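Just so you know, ligand 1 is whichever comes first in the structure, and atom 1 is the first atom listed for that ligand. Just so you know, these numbers come straight off a predicted model, no measurement behind them.
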Amino acid sequence: METFDYDDIQLIPSKCIIESRHDADTSIQFGPRKFAIPVVPANMASVIDESLAIWMAEHNYFYVMHRFTPEKRLEFVHDLQQRGLFASISVGIKATEYQFIDDLKAANLEPEYITIDVAHGHSDYVIKMIQYIKQTLPSSFVIAGNVATPEAVRELENAGADATKVGVGPGKACITKLKTGFGTGGWQLAALRLCSKAARKPLIADGGIRHNGDIAKSVRFGASMVMIGSLMAGHEESPGNMIKIEGKTFKQYWGSASETQKGAYRNVEGKQMLVPFRGSIQDTLDEMQEDLQSSISYAGGRDLESIRKVDYVVVKNSITNGDD
Ligand SMILES: NC(=O)C1=CN([C@@H]2O[C@H](COP(=O)(O)OP(=O)(O)OC[C@H]3O[C@@H](n4cnc5c(N)ncnc54)[C@H](OP(=O)(O)O)[C@@H]3O)[C@@H](O)[C@H]2O)C=CC1
Ligand SMILES: Nc1nc2c(ncn2[C@@H]2O[C@H](COP(=O)(O)O)[C@@H](O)[C@H]2O)c(=O)[nH]1
């Protein structure tokens with residue numbers, strides 16, 4: 001099996017057919033809606049909260065609210081839909097989550113998007129939850145994950161998932177690969193490529209994005225959407241605390257399976273760290289869009305579809321030439 005990661009790949013330019021990068025269309029149809037760019041902040045408590053979710057929905061960006069304040073979720077869906085915005089939430093697979101799906105049904109609330117967010121998504125318990133949501137809330141678009149293999153993508157799709165999320169262990173705050181020996185850490189892009197060969201429905205690439213160019217590479221290897229944690233944390237709008245050290249400003253970023261999130265050292269597979277303060281999230285999203293427009297122009301097209309067809313070379317660990 002050919003393995004490679006984001007830093008090992010360069011996409012090969014094709015003749016440019018647009019007059020300006022502004023003419024490149026970065027929009028993506030994902031489920032029932034079209035979004036400005038194929039990027040979604042990770043559904044982690046250190047990356048998104050209710051107010052950022054509302055801002056994202058208002059500005060035509062996809063978001064997935066995390067599942068770590070379960071008592072607020074029903075009100076959140078109600079609030080978003082009352083404002084005429086789409087609701088996109090996360091659930092787990094424990095017994096209480098079935099009750100929550102029933103509560104949504106009883107309140108006549110069907111979120112536009114529901115993400116089943118489990119560390120090891122290739123599981124009969126995830127399949128059972130997919131089936132339960134599709135049966136109870138049939139108009140919700142169900143995203144299931146996380147997975148690492150084509151077999152998992154096929155099984156979750158066959159169970160009714162409308163999209164699957166690929167990435168076990170490539171995250172910046174992740175220690176799964178060190179603690180368990182498993183995952184796609186170090187070969188996330190190749191895992192995405194393998195999964196995309198099996199997928200019949202959209203894929204979300206999740207974890208390991210370190211540069212804006214990695215978004216285009218994810219699209220090239222099969223992603224419809226790219227989930228980003230560490231690069232999306234650190235903004236004014238991010239939930240983490242601001243910390244100053246020797247004149248430099250940082251924000252806290254912690255894994256969903258970290259002791260910080262869990263409140264106990266049980267099955268910990270994540271850590272807390274500091275990321276540089278990055279100012280406003282709008283500026284970061286604008287830069288991602290501009291860089292993606294450039295990618296489209298290098299791909300020789302007018303939209304994201306053109307990136308999917310470009311040739312590439314594997315240049316093992318060399319694209320940064322030793323730079324950071
Ligand atoms: N994308 C990634 O690489 C990873 C992401 N995470 C994130 O961390 C959060 C919490 O994850 P975590 O506490 O590990 O699990 P979850 O809270 O996601 O647990 C889901 C359920 O699956 C059971 N389970 C069985 N085997 C596993 C396994 N290998 N890993 C996880 N659950 C298992 C758990 O039971 P029990 O707890 O009794 O085992 C629990 O009932 C989630 O948001 C998840 O997305 C965590 C690790 C990796
Ligand atoms: N192994 C773990 N993975 C985690 C944890 N919390 C979140 N995640 C995953 O990481 C991505 C974000 O990755 P990044 O490289 O962009 O920072 C996120 O979407 C989850 O899939 C964790 O505690 N352990």
Peer 1: Compare all side-chain heavy atoms of L231 with those of T284 and state whether any distance is below 4.5 angstrom.
Peer 2: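 Side-chain contact under 4.5 Å: no.
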
Peer 1: Linking I/L/V/M/F/W/Y whenever any side-chain heavy atoms sit under 4.5 Å apart, do V47 and F277 land together?
Peer 2: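 In one cluster: no.
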
Peer 1: Which atoms of ligand 1 are found less than 4.0 Å from any heavy atom of K262?
Peer 2: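 Under 4.0 Å from K262, ligand 1 has these atoms: 12 (P), 13 (O).
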
Peer 1: Would you check if V40 and F30 make a side-chain contact, meaning some heavy-atom pair closer than 4.5 Å?
Peer 2: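 Sidechains of F30 and V40: no contact.
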
Peer 1: To the nearest 0.1 Å, how far is atom 9 (C) of ligand 1 from its closest protein heavy atom, and which atom is that?
Peer 2: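 I find the closest protein heavy atom is S256 CB, 3.5 Å.
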
Peer 1: Tell me which part of A257 gets within contact of ligand 2: side chain, backbone, both or neither, using heavy atoms under 4.0 Å.
Peer 2: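 Both backbone and side chain.
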
Peer 1: If you count the atoms of ligand 2 from 1 in the order shown, which ones are under 4.0 Å from a heavy atom of G207?
Peer 2: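 Matching atoms, with element in brackets: 13 (O), 15 (O).
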
Peer 1: How far is atom 17 (O) of ligand 2 from the closest protein heavy atom, and which atom is that?
Peer 2: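 Residue, atom and distance for the closest contact: Y253 OH, 2.7 Å.
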
Peer 1: With a cut-off of 4.0 Å, which atoms of ligand 1 are near a heavy atom of E269?
Peer 2: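 Contacts of ligand 1 toward E269, numbered from 1: 47 (C).
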
Peer 1: Taking C-beta and beyond as the side chain, do C195 and T164 meet within less than 4.5 Å on heavy atoms?
Peer 2: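 No. Closest side-chain heavy atoms not under 4.5 Å.
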
Peer 1: Using a 4.0 Å cut-off to any heavy atom of I93, which atoms of ligand 1 qualify?
Peer 2: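 Checking each atom against I93, I get 21 (C), 22 (O).
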
Peer 1: Side chains of Y312 and D8: any donor to acceptor distance under 3.5 Å?
Peer 2: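 No - no donor-acceptor pair under 3.5 Å links their side chains.
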
Peer 1: Select the closest option to atom 6 (N) of ligand 1 among G167, A119, G208, judged by heavy-atom distance.
Peer 2: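 Minimum heavy-atom distance to atom 6 (N) of ligand 1 goes to A119.
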
Peer 1: Less than 6.0 Å separating the ring centroids of F35 and F86?
Peer 2: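 Ring centres of F86 and F35 closer than 6.0 Å.
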
Peer 1: Using a plain distance cutoff, I'd like to know if R67 has any nitrogen or oxygen under 3.5 Å from a nitrogen or oxygen of ligand 1.
Peer 2: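 Such a contact does occur with ligand 1.
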
Peer 1: Answer with yes or no whether K271 contacts ligand 2, where contact means a heavy atom under 4.0 Å from a ligand atom.
Peer 2: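 False for this residue.
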
Peer 1: Checking contacts here: is it the side chain or the backbone of K165 that comes within 4.0 Å of ligand 2, counting heavy atoms only? Could be both or neither.
Peer 2: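 K165 to ligand 2: no contact under 4.0 Å from either part.
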
Peer 1: Is the shortest distance from a heavy atom of Q261 to ligand 1 less than 4.0 Å?
Peer 2: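 Q261 does not count as a contact of ligand 1 under the 4.0 Å cut-off.
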
Peer 1: Which is it for M44 and ligand 1 at heavy atoms under 4.0 Å: side chain, backbone, both or neither?
Peer 2: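 The answer is neither; M44 stays 4.0 Å or more away.
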
Peer 1: Heavy-atom contacts with A257 under 4.0 Å: which atoms of ligand 1 show up? List them by number with element.
Peer 2: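 Selected atoms, number and element: 8 (O), 46 (C).
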
Peer 1: Just which atoms of ligand 2 are under 4.0 Å from any heavy atom in N146?
Peer 2: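 This gives 21 (O) as the contact atoms.
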
Peer 1: With a 4.5 Å heavy-atom cut-off, do Q252 and I243 have their side chains touching?
Peer 2: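 When only atoms from C-beta onward are counted, I243 and Q252 do touch, with a gap below 4.5 Å.
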
Peer 1: Going by a strict under-4.0 Å cutoff (protein heavy atoms only), does atom 25 (C) of ligand 1 have a neighbour on the protein?
Peer 2: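 No.
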
Peer 1: Quick one: look at N146 and ligand 1, take heavy-atom pairs under 4.0 Å, and tell me if it's side chain, backbone, both or neither.
Peer 2: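 Near ligand 1, N146 shows its side chain, while the N, CA, C and O stay back.
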
Peer 1: As an exercise, identify every atom of ligand 2 less than 4.0 angstrom from a heavy atom of R210.
Peer 2: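 Every atom of ligand 2 under 4.0 Å from some heavy atom of R210: 14 (P), 15 (O).
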
Peer 1: Could you check if a side-chain atom of K34 sits within less than 4.5 angstrom of a side-chain atom of Q29, using non-hydrogen atoms only?
Peer 2: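 Yes. Closest side-chain heavy atoms under 4.5 Å.
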
Peer 1: Would you kindly confirm whether M227 and W187 end up in one hydrophobic cluster when ILVMFWY residues are joined by side chain heavy atoms under 4.5 Å apart?
Peer 2: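 No, it is not one cluster - the side chains of M227 and W187 are not joined through contacts under 4.5 Å.
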
Peer 1: Please report which non-hydrogen protein atom sits nearest to atom 28 (C) of ligand 1, along with the residue it belongs to and the distance in Å to one decimal place.
Peer 2: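 Checking every protein heavy atom, the shortest distance to atom 28 (C) of ligand 1 gives H120 CB, 3.9 Å.
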
Peer 1: For ligand 1, which atoms sit closer than 4.0 Å to a heavy atom of G169?
Peer 2: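 Answer for ligand 1: 2 (C), 3 (O).
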
Peer 1: For I228, take its heavy atoms, then give the atoms of ligand 2 lying under 4.0 Å from any of them.
Peer 2: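 Atoms satisfying the 4.0 Å criterion: 16 (O).
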
Peer 1: With heavy atoms of V168 as the reference, note each atom of ligand 1 found under 4.0 Å away.
Peer 2: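 Near V168, the atoms of ligand 1 are 3 (O).
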
Peer 1: Is it true that Y125 lies under 4.0 Å from ligand 1, counting heavy atoms only?
Peer 2: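 Y125: no contact with ligand 1 (<4.0 Å).
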
Peer 1: Looking at atom 5 (C) of ligand 2, what's its closest protein heavy atom, distance included?
Peer 2: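 Protein heavy atom with the smallest distance to atom 5 (C) of ligand 2: S256 N, 3.6 Å.
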
Peer 1: Looking only at protein heavy atoms, which one is nearest to atom 3 (N) of ligand 2, and how far off is it?
Peer 2: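 Ranking protein heavy atoms by distance from atom 3 (N) of ligand 2, first comes C174 CB, 3.7 Å.
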
Peer 1: Is there a side-chain contact between Q188 and F221, using heavy atoms and a 4.5 Å cut-off?
Peer 2: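 The answer is no, as the side chains (C-beta and beyond) never meet within the 4.5 Å cut-off.
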
Peer 1: Just distances here: any N/O of D206 and N/O of ligand 1 closer than 3.5 Å?
Peer 2: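 There is no such contact.
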
Peer 1: Report yes or no: do D117 and T115 form a side-chain donor-acceptor pair below 3.5 Å?
Peer 2: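 Side-chain D/A pair, D117 to T115: absent.
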
Peer 1: Should G229 be counted as touching ligand 2, given the test is an N or O pair under 3.5 Å?
Peer 2: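 It does: an N or O of G229 is found under 3.5 Å from an N or O of ligand 2.
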
Peer 1: Are any of the N or O atoms of G208 closer than 3.5 Å to those of ligand 2?
Peer 2: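 There is such a contact, yes.
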
Peer 1: Going by distance only, is there an N or O of M227 that falls short of 3.5 Å from an N or O of ligand 2?
Peer 2: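 There is no such contact.
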
Peer 1: Number the atoms of ligand 1 from 1 as they appear, then name those within less than 4.0 Å of a heavy atom of T176, with their elements.
Peer 2: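 Answer for ligand 1: 47 (C), 48 (C).
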
Peer 1: For atom 9 (C) of ligand 2, is the nearest protein heavy atom closer than 4.0 Å?
Peer 2: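 There is no protein heavy atom less than 4.0 Å from atom 9 (C) of ligand 2.
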
Peer 1: Under a 4.0 Å threshold between the charged nitrogen and the carboxylate oxygen, would D162 count as salt-bridged to K134?
Peer 2: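 Salt bridge present between K134 and D162.
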
Peer 1: Starting from atom 7 (C) of ligand 2, find the nearest protein heavy-atom neighbour and note its residue, name and distance.
Peer 2: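 Of every protein heavy atom, M44 CE, 3.4 Å lies nearest to atom 7 (C) of ligand 2.
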
Peer 1: Can you list the atoms of ligand 2 that are under 4.0 Å from a heavy atom of S258?
Peer 2: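 That gives atoms 23 (O) of ligand 2.
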
Peer 1: Hey, does N43 come in under 3.5 Å of ligand 2, counting only N/O atoms on both sides?
Peer 2: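 No, no N or O pair falls under 3.5 Å.
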
Peer 1: Is the shortest heavy-atom distance from the side chain of I54 to the side chain of D79 under 4.5 Å?
Peer 2: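 Side-chain contact under 4.5 Å: yes.
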
Peer 1: Taking distance alone, with N or O pairs closer than 3.5 Å, would you say D206 contacts ligand 2?
Peer 2: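 There is such a contact, yes.
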
Peer 1: Under a 4.0 angstrom heavy-atom cut-off, which atoms of ligand 1 come close to F68?
Peer 2: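 By the 4.0 Å cutoff, the relevant atoms are 43 (O).
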
